[in-house]
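Data first, discussion second: the structure below is written as structure tokens.
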Amino acid sequence: MEARSREEALRMEARTKQLVAAEREHLLSQLSQIIPNFDPSMLKSKTSLCQNQSPKNPMSDKASCSGADVRSLHFEDDTAKNGEHQEETVIEAVDYSNVEVPSSLQSLCRYVETTLVPQEKIMNFTIENEVFGGDRSTFVLPEDITQLAGMEEIGATVVAVYMRCLYERLKKANMCSMVGFINPATVSANVGSLTNRSRLVAGRLQKTDSEQIFMMPYNPGRHWVLLIARAKRETVYFLDPLPGNRVVDEEAKNIVNSAIKIYNSHIARPGRKAPLWKTLPGTPKQPSSVECGYYVMRFMRDIIMDPSLEFEKKVIVSEMDKSWMHSDRRSKAYEFGVEAFLNFSVENLLTTTHIRCPCVKCVNLKLFGVGIIRDHLYFNGVDQSYKNWTFHGEPWEATTNASRNVEEDDDHSRYSFVSEEIGMDDNDFGDFGSDPYEFANVIGDEDQPMYPGCRKYTKLSALVKLYNLKAKHGMSDVCFTELLILQGDLLPEGNTIPTSMYEAKKTLCALGLSYEKMHACPNDCILYRKEYEDSTNCPTCGISRWKEAKDSILKEGVPAKVVWYFPPIPRFKRMFQSHETAKSLTWHAARKSIDGQMSHPADSPSWKLLDDKWPEFGNEPRNLRLALSSDGFNPHSSLSSRYSCCPVILVTYNLPPWLCMKRKFMMLTLFISGPKQPGNDIDVYLESLIDDLKSLCDGIKGVYDAHNGEYFTLRAALMWTINDFPAYGNLSGCVVKGYKACPICGDDTPSHRLKNGHKICYIGHRKWLPINHPYRRQRTAFNGKPEYGTPPEPLTGEEVLHMVEDGDRVCWKKKSIFFDLEYWKYLPVRHVLDVMHIEKNVCDSIIGTLLEIPGKNKDGIVARLDLLNMGVKTDLQPEYGERRTRLPPGPWNLSRAEKREVCNSFYGMKVPEGYSSNIKNLVSLQDSRLLGLKSHDCHTLMQQLLPVSIRSVLEKPARYAITRLCFFFNVICSKTVDVSKLDKSEEDVVVTLCLLEKYFPPSFFDIMVHLVVHLVREVRLCGPIYFRWMYPFERYMKVLKGYVQNRTRPEGCIAERYIVEEAVEFCNEHLFDVSTVGVPSSQKMGVSKPLSGCTMSVVDRDLLNQAHLYVLENTEEVLPYIEQHMIHIKTAYPKYRKRTKWLQDKHNSTFIQWLRLKVQSEVDEEDNHGVSENLRWLAAGPNMVVPLYRSYLIKGIKFNIKVQDDVRTTQNSGVYLLAHTMQVASAKDKNPILSNMGFYGVIQEIWDLDYQKFTIPVFRCDWIDSTSGLVVDELGFTLVDLSKIGHRNDQFVLASQVKQVFFVVDPMHRGWSVVLSMHNREYNDFIGDDVLGDLRIECEPFTRGMPNVDTFDELVGELGSQNIRDGCEDILIE
């Protein structure tokens, strides 16, 4: 047997030597053909050789498996040095006539010695561009020829020349589209860093054609191997001439893996986790000498000899027995199975140190060596759900055929699986910036520890967390740089923390998406793109494209105006490449909607119109519904009031309500530089965005959905724009000033010019009343005329388009660029009215008129003259004196005492923290005015505070008109819209506006007041308002302002900071335990923790029992024991079993002791009765020493005790509890009833009951007596008397059960307070660092609806003789 084996080995060695010799002969024959000017007649038999060394070939990268010495040719050097002739040194010549080498080699050697060397020449030639993707000049040295003659090591030059020869064969066989080559010199160890080599390889792969393979001979050091990369399939084949050598060099593996990732980014493909590596067994092996380079050349030639390239059929995938995974870990079957699995992994992955561990704890998330994995499999067990060993070399579609064809589908659907890893998922990298090679470095940062030995943070996760702090708290770049330096000093040596903001930003920008800078005409005429790209002057106005210096000299190359464009399509793709975001983008389709309720735009008719009119669009829930907003802001804050730049932002309505309006999902698409806004010419800047929206309408193919693991065609539709009213006109093209200022009413806008005020007022809302309404017939109270008109019908988009195309310039000043979108004209609402600005302007008008604030007062001499001119309220005309003009007080005027009363009411208001700004700071008691009201201040006033402050002022009709308007805004701003009540709300607001026309001057009715009549229509068509107002966009403007660090380049700062934060947000989704900035953490919603220090106190036993009893009765686990105890009492006292109140009192006094004994007896029994540990501690009772706190956070809401509120400017001690409790008619009532009842109280103490293993926070409150201290008035206000305390035997409540309320002193009833509620949090929403939250600004609606106005005509009368207020002093004007 041994003799036969020895004989077989000798036969194999002889055969392989013959193959190598033949290959060498083939190479030499090819070399002889390509040597320039080769002439055999010039050959000589002998030559003298000098001792000098030949020049170093930069492509020479020698490889030898045996390590033999290198022999090289020597030649004569007659070059003079320092002007002196060097004497020749003649050594023994080499005669190749007796050397046993092919004749072609002898001829080549003689040619080198006799022709090239004496003439100081080398064999220069050029490898054409087609071979390696670029022209390259190279040369063959004499030493290369010598090594060929001696069958010694060969360098990269020889291999490259040979590949050039193979390329000639490919051309003849018409196979150039099937096989490509990578120059071995580009990946040699002496070329450069791994990143540079990966870049060169990736550049070659990017020129791939379909299924083309690339051959890459690689020399890791004195040994040649062959790598064959099929980038399209992300597969690499590995061939090694040495027998038994099956482990790929890690350096080569890193180069190719990174190159394929970069290639994937180039073609915008997610790709799989890592390329699949396979070996090609069955090829001839070298007999452990120096022939590795020749074998690699032979491998390449053998592969291309087969036009079908069926070399892949040699890949062996064994059918593994996986039954051992279910065996006992102590069995031999399990032991053999583990070893077989490890051998299988090493063979297929070609590594022994970086293999995913499939144990139960690691579940293929962590990489270890073979030894550690073996230990894990024995100690932890194997994950039995891991049935397809895809992470260890088994193909996704396993097959047992050893010679199977590994052809794969082009759609890559089989590789769309996603691993829930701690680190980042390669499927999520998508498009990443303009330089994909930088991205390869960042990929490595994912696994690089923050410092040697650190297991919690990697370089990338640490940097992302630090940058989150910078973004969240607005750190300057200098502060952040100093923080990085300090961090680096505090951490151990070898840490990878960047040392500057520049370095950190450079790292993160590689993960970001790019932007485009487009030049624009300073007069907003054109963008220098498409046909104007090379223009230097504007073809419209002729002004130069370049910036003009102070000396009027043009700075050529420096644009006069720039617009930054952030393409939305790659950003939408990235959204779908996030697992969580992709899932959230189909939330609207998966949720259960309630009939008759609208809580999201998906419930609205506008959404459903797109579904019905374009079924193909509506049937795909991943198709996006967008909204666009544009508004100008001053990036310099208060430093300059004239400079204004303009961002254009997109939001995505597919997301759930708690995400779609958050900072993270506000997509900045355009940023138009200042110093002035484009105004009506904004369409010029929107061209690029409209082009992308058109592409999205047609469909973007090949978008990867990480949640479903598939590719799909993405479409998107813009539903409407959101802007303030001037920008509404710029985007829609309609007129927003003058007689036709209402874009909904159009030509039928109810307008009237005030001759003395020189302004247009918009009165005439009676036409929206029912045809038989009595207000229509009244004359004097309105404009002196009856009203017989009907409300105007809003124009459809098709009608508007027809009008602007026909040149109608009365209501329209241009054709909006949005009509270029084919679906735009069919949308029922294309531009929405912004409730935020409408509400603010209406509030300013009301407050300014009531308190006579200069600049905001709608009353005055000219307003009274306009009344006289219209013939209405003529008794209010001004009376002129010698020094002063006297104005009689109208229904809207307050006396000085009433003004002070209103201001004092506002001044004394304390609201919960986060509800609004400090109202006290807005009040000037000296002038009786409110100053500096912001948008949100006006919102809180109109929603709740203003109706309270005016309860004791004005006459009832005027007061009720204002109150009704406030109630209307309160109703329409709710998060959930009851569709059945919208008609009633529309009727109410029309009546309210008519009341205001009766009791306020015409000058009060500017266009913003008129637009209120159309708000219900938009709610009906578009859904809840908080998806369509400017609050979130205004907040985002503040974020953009915070980006500005360089005041001379504000737009550039914003653009750069935006893409960096975009990269940070992208990393946050794929790194473990890293919070996001763009979406405030929702974890705080469930957090309950103290916010102050505690005082340890030994409390009264009766109070402690009272608190403990309340905890027990509100613990679900205790409820069965309560029922048992009640049965026990009824059994022990049968004559009281029908006296509910006596039974309840008896239960309260005895239950604690009974439960302790009951639980103890059950625990002592053998079966333990299933008593949980929590129940045991609860039955044992709390500690007598109780920590008392002044402030506590409960589910994100701050609560204070009353003493704490007394010294603060906020009020956080009011609570409301809705309880199912026993109600009695009187103290003698022996048969009370159980029902839901509301209780109002004030927190006096906060206890944290200690049950040893856990604590439970409870509030001890002073509860308002529900009988004598609580009333509800006709307007629906709940009034409480805080001095009337009841329920003293039941003072405690669980902190988690109450809802926060606050109390405002009632100006009408001394000693009483009005109860106002905080907003509801129906969604998983927490505001965090946001100044205003989308859901925080909804206020609790009032209970009784609109106040009745049926008797107002009896109070005022039709003739208007009572327009002058009694008891109110005249207004004197100097």
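No hydrogens, no waters, no symmetry mates; every other heavy atom, side chains included, goes into these values.
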Worksheet item: Is Thr581 close to Phe576 at the side-chain level, that is, under 4.5 Å between some pair of heavy atoms?
Response: no
Discussion item. Set out, in order, the CA-CA distance, both residues' side-chain angles and the distance that settles salt bridge (Lys or Arg N to Asp or Glu O under 4.0 Å) for Lys530 and Glu687, then state yes or no.
Written reply: CA-CA 11 Å; Lys530 295 183 178 179; Glu687 290 176 0; over 6 Å; no
Worksheet entry | Over all atoms of both residues, closest heavy-atom pair of Cys1022 and Ser604 | C-CB, 3.5 Å
Worksheet item: Can you tell me how far the NZ atom of Lys701 sits from the CZ atom of Arg715, to the nearest 0.5 Å?
Response: 8.5 Å
Worksheet item: Is there a side-chain contact between Thr652 and Phe665 (heavy atoms, below 4.5 Å)?
Response: no
Item to complete: Provide the closest heavy-atom pair for Ala706 versus Ala582 in the form atom of the first, atom of the second, distance.
Response: N-CB, 4.4 Å
Worksheet item: Which pair of non-hydrogen atoms, one from Trp587 and one from Pro657, has the smallest distance, and what is that distance?
Response: CH2-CD, 3.4 Å
Discussion item. Pair Tyr1058, Phe671 - check ring-ring contact (aromatic ring centres under 6.0 Å, His included), show working.
Written reply: CA-CA 11 Å; Tyr1058 173 76; Phe671 198 75; 9.4 Å; no
Fill in: Residues forming a ring-ring contact (aromatic ring centres under 6.0 Å, His included) with Phe617, sequence neighbours excluded
none
Discussion item. Just so I know, are the side chains of Phe368 and Arg356 near enough to count as touching, which here means a heavy-atom distance under 4.5 Å?
Written reply: no
Worksheet item: Roughly how far apart are Leu200 CG and Ile255 CD1, rounded to 0.5 Å?
Response: 9.5 Å
Discussion item. Between Arg574 and Glu1062, does any NZ, NE, NH1 or NH2 come within less than 4.0 Å of an OD or OE carboxylate oxygen?
Written reply: no
Worksheet item: Hey, what do you get for CE (Met175) to CG (Leu170), rounding to the nearest 0.5 Å?
Response: 6.0 Å
Discussion item. Is the distance between the ring centroids of Tyr653 and Trp720 under 6.0 Å?
Written reply: yes
Worksheet item: Can you find a side-chain donor-acceptor pair between Glu710 and Tyr704 that sits under 3.5 Å?
Response: no
Response to the item:
Interatomic distance, CE@Met661 vs OH@Tyr1036, rounded to 0.5 Å, equals 12.5 Å
Discussion item. Taking Lys583 first and then Asp705, would you say they form a salt bridge - that is, a charged N and a carboxylate O separated by under 4.0 Å?
Written reply: no
Practice prompt. May I ask you to say whether Glu822 pairs ionically with Lys694, meaning some side-chain N is under 4.0 Å from a carboxylate O?
Written response: no
Worksheet item: So do Ile228 and Phe238 actually touch side chain to side chain, heavy atoms under 4.5 Å?
Response: no
Item to complete: Provide the closest heavy-atom pair for Trp564 versus Ala1055 in the form atom of the first, atom of the second, distance.
Response: CD1-CB, 3.5 Å
Worksheet item: Under a 4.5 Å cut-off applied to non-hydrogen side-chain atoms, are Leu659 and Ser584 in contact?
Response: yes
Discussion item. Can you list everything that forms a salt bridge (Lys or Arg N to Asp or Glu O under 4.0 Å) with Arg830? Sequence neighbours excluded, please.
Written reply: none
Ignoring hydrogens and angles, write down the donor-acceptor pairs under 3.5 Å from the side chains of residues 607-615, residues two or more places apart or on other chains.
unit_1 : atom_1 : unit_2 : atom_2 : d
Asp611 : OD1    : Arg625 : NH1    : 3.4
Asp611 : OD1    : Arg625 : NH2    : 2.5

Discussion item. Strictly below 4.0 Å, N to O, side chains only: are Asp692 and Arg571 in salt-bridge contact?
Written reply: no
Fill in: Phe344/His392 aromatic ring centres below 6.0 Å
no
Worksheet item: Rounded to the nearest 0.5 Å, how far does CD1 of Ile700 lie from OG1 of Thr713?
Response: 9.0 Å
Worksheet item: Quick one: are Trp824 and Leu718 in side-chain contact, heavy atoms under 4.5 Å?
Response: yes
Worksheet item: Does the gap between the ring centers of Tyr565 and Tyr515 come in under 6.0 Å?
Response: no
Fill in: Distance, nearest 0.5 Å, that separates CG of Leu626 from CG of Leu693
7.0 Å
